[in-house]
Amino acid sequence: MSGFEATDEQDGVGFNPFSLIEPDEIPYPTTDVGALNEAAAAIRSGGQELASISGDMESTWQGLQEHYTAPESETLFAAVGPVVTLGEGLESDLSTVATALEDLAEAASEAQRKLGDLRTEAESFAGGLEDRKFWWLTKDEENDDLAITTNLALKMRVNKAWADFTSAEVDCANTIANTCDGTTFATPGDSTEADMVYGANAEIFAEGTSFAEIDAAALAMMNELTGWAGEKFDSVEFENSMGQAAWDTLMVGVVFGTVQGAVTKSGYWHPERGWASPWDIPTRFENMKDTWAEAGMDAAALVGIHKEGDGWLLQPSSDDPFANLSWDWWWGNVETSAAQVRENHTAWS
């Protein structure tokens, strides 16, 4: 098994269609299926043996009634009853545990088969595309689709297979936990109350998936794609310093900055929280509130009335409200801001 512990949501190989699938990154269960089945058989056999021993004890004990009579004999003969009940209860619990382990072994075997086949398929698909800069525009000869379509379809199949396996792990853990009031688990997106969240969301893009789950999956894909695009955008390098300056100023500063400002100030995206659903009004409002607050602080710094670390030009709530109230403090801030703006819009240094 991949290990039961509190984790962030697992996403298999991600959802970014522009990131070529890497066969070595495809998750694979290391579960020892044979050992699980052997353990299940031993546990079930042990439970049956306990129940048989307790039943034999009761028969032997009750057989003594013909040969033993005393004032407390009825109490003594009745004392073995709870032992039998306990033995039967243990047999039932151990049988439940054994069945859970057998189910997990079957799920692990299925996941190993599926993910092994998908890894082989991914190696065949990605092998001829790794060195192509615009590989996603290549036609996939096997199905006549663009490579980007095949790439995303492969990723979704990997993610689904892995999510099904982690869901089986959770089911096994919860079945065993229910016999002893142990720690309970839930997969991401599951509304069931549990002690820990583990694994991947098995319902994403599945048949009958709810709108909320599809929306969450789309946001996850957009966040991953945005992070990837940002890295590519920032990593562009020119041998010519003039070209680099133009790129940094016009593309990164003006174009990218304008687009980023539009989506952040409308609440659709935040650098720390990522994308927000158009229908998630509370999150969009929170993003807008934080973004406009940050924009206000930037504007205050630009005109010299606020400086990080020093505070405001006038600070009514402090012990000395007029500590920064001077032409030198204000003009020094303006000059610093002007130098930063000049640097950001020329990039000649």
Looking at Arg119, Glu121, Arg113, Lys114, which hits side-chain contact (heavy atoms from CB on, under 4.5 Å) with Asp117?
Arg113
Sub-4.5 Å side-chain heavy-atom contact between Phe125 and Leu154:
yes
Given 3.5 Å as the limit, does a donor-acceptor pair link the side chain of Thr99 with the main chain of Ser95, or not?
yes
Within the structure provided, determine whether Phe185 and Asp195 are in side-chain contact (heavy-atom separation under 4.5 Å).
no
For residues Pro29 and Trp162, determine if any side-chain heavy atom of one lies less than 4.5 Å from a side-chain heavy atom of the other.
yes
Hey, does the side chain of Ser124 reach the backbone of Thr120 with a donor-acceptor pair shorter than 3.5 angstrom?
no
Should Val158 and Pro27 count as side-chain neighbours, where that means a heavy-atom distance under 4.5 Å?
yes
Could you go step by step and tell me if Val97 and Thr175 meet the side-chain contact (heavy atoms from CB on, under 4.5 Å) rule?
CA-CA 7 Å; Val97 170; Thr175 299; over 6 Å; no
Indicate yes or no: at least one non-hydrogen side-chain atom of Asp103 is less than 4.5 angstrom from one of Asp171.
no
In the single-linkage hydrophobic clustering (I, L, V, M, F, W, Y; side-chain heavy atoms under 4.5 Å), do Trp292 and Phe285 co-cluster?
no
Leu36-Tyr28 co-clustered via ILVMFWY side chain contacts under 4.5 Å:
yes
Measuring from Tyr198:OH to Ser167:OG, what's the distance to the nearest 0.5 Å?
11.0 Å
Just by distance, do the side chain of Thr291 and the backbone of Asn287 share a donor-acceptor pair under 3.5 Å?
yes
Between CG of Asn37 and CG of Asp32, what distance do you get to the nearest 0.5 Å?
9.5 Å
Kindly say whether Thr31 contributes a backbone atom to a donor-acceptor pair with the side chain of Gln112 at under 3.5 angstrom?
yes
Step by step, work out the side-chain contact (heavy atoms from CB on, under 4.5 Å) result for Leu20 and Asn151.
CA-CA 7 Å; Leu20 185 63; Asn151 186 57; 3.9 Å; yes
If you count the non-hydrogen atoms of other residues, nucleotides and ligands that lie under 6.0 Å from CD in Glu106, is the total more than 12?
no
Exercise: identify the closest heavy-atom pair between Thr184 and Ala194:
OG1-CA, 3.5 Å
Any idea which heavy atoms bring Asn159 and Gly12 closest together, and the distance?
OD1-CA, 3.4 Å
Are Glu102 and Arg44 within salt-bridge range, i.e. N to O under 4.0 Å?
yes
Does any non-hydrogen side-chain atom of His270 lie less than 4.5 Å from one of Asp290?
yes
Report yes if the side chains of Leu101 and Ile43 come closer than 4.5 Å at any heavy-atom pair, otherwise no.
yes
Hey, quick one: are Val263 and Met288 part of the same hydrophobic cluster, counting side-chain heavy atoms closer than 4.5 Å, chains of contacts allowed?
no
So which atom in Thr187 and which in Ala200 form the shortest heavy-atom distance, rounded to 0.1 Å?
CB-O, 3.9 Å
Is the closest side-chain heavy-atom distance between Lys155 and Ser19 below 4.5 Å?
yes
Minimum heavy-atom separation for Ile176 to Ala100, with atom names?
CG1-CB, 4.4 Å
Shortest non-hydrogen separation from Thr166 to Ala163 and the atoms involved:
OG1-O, 3.0 Å
Value for CD (Glu169) from CG (Asn174), rounded to nearest 0.5 Å, stands at 11.5 Å
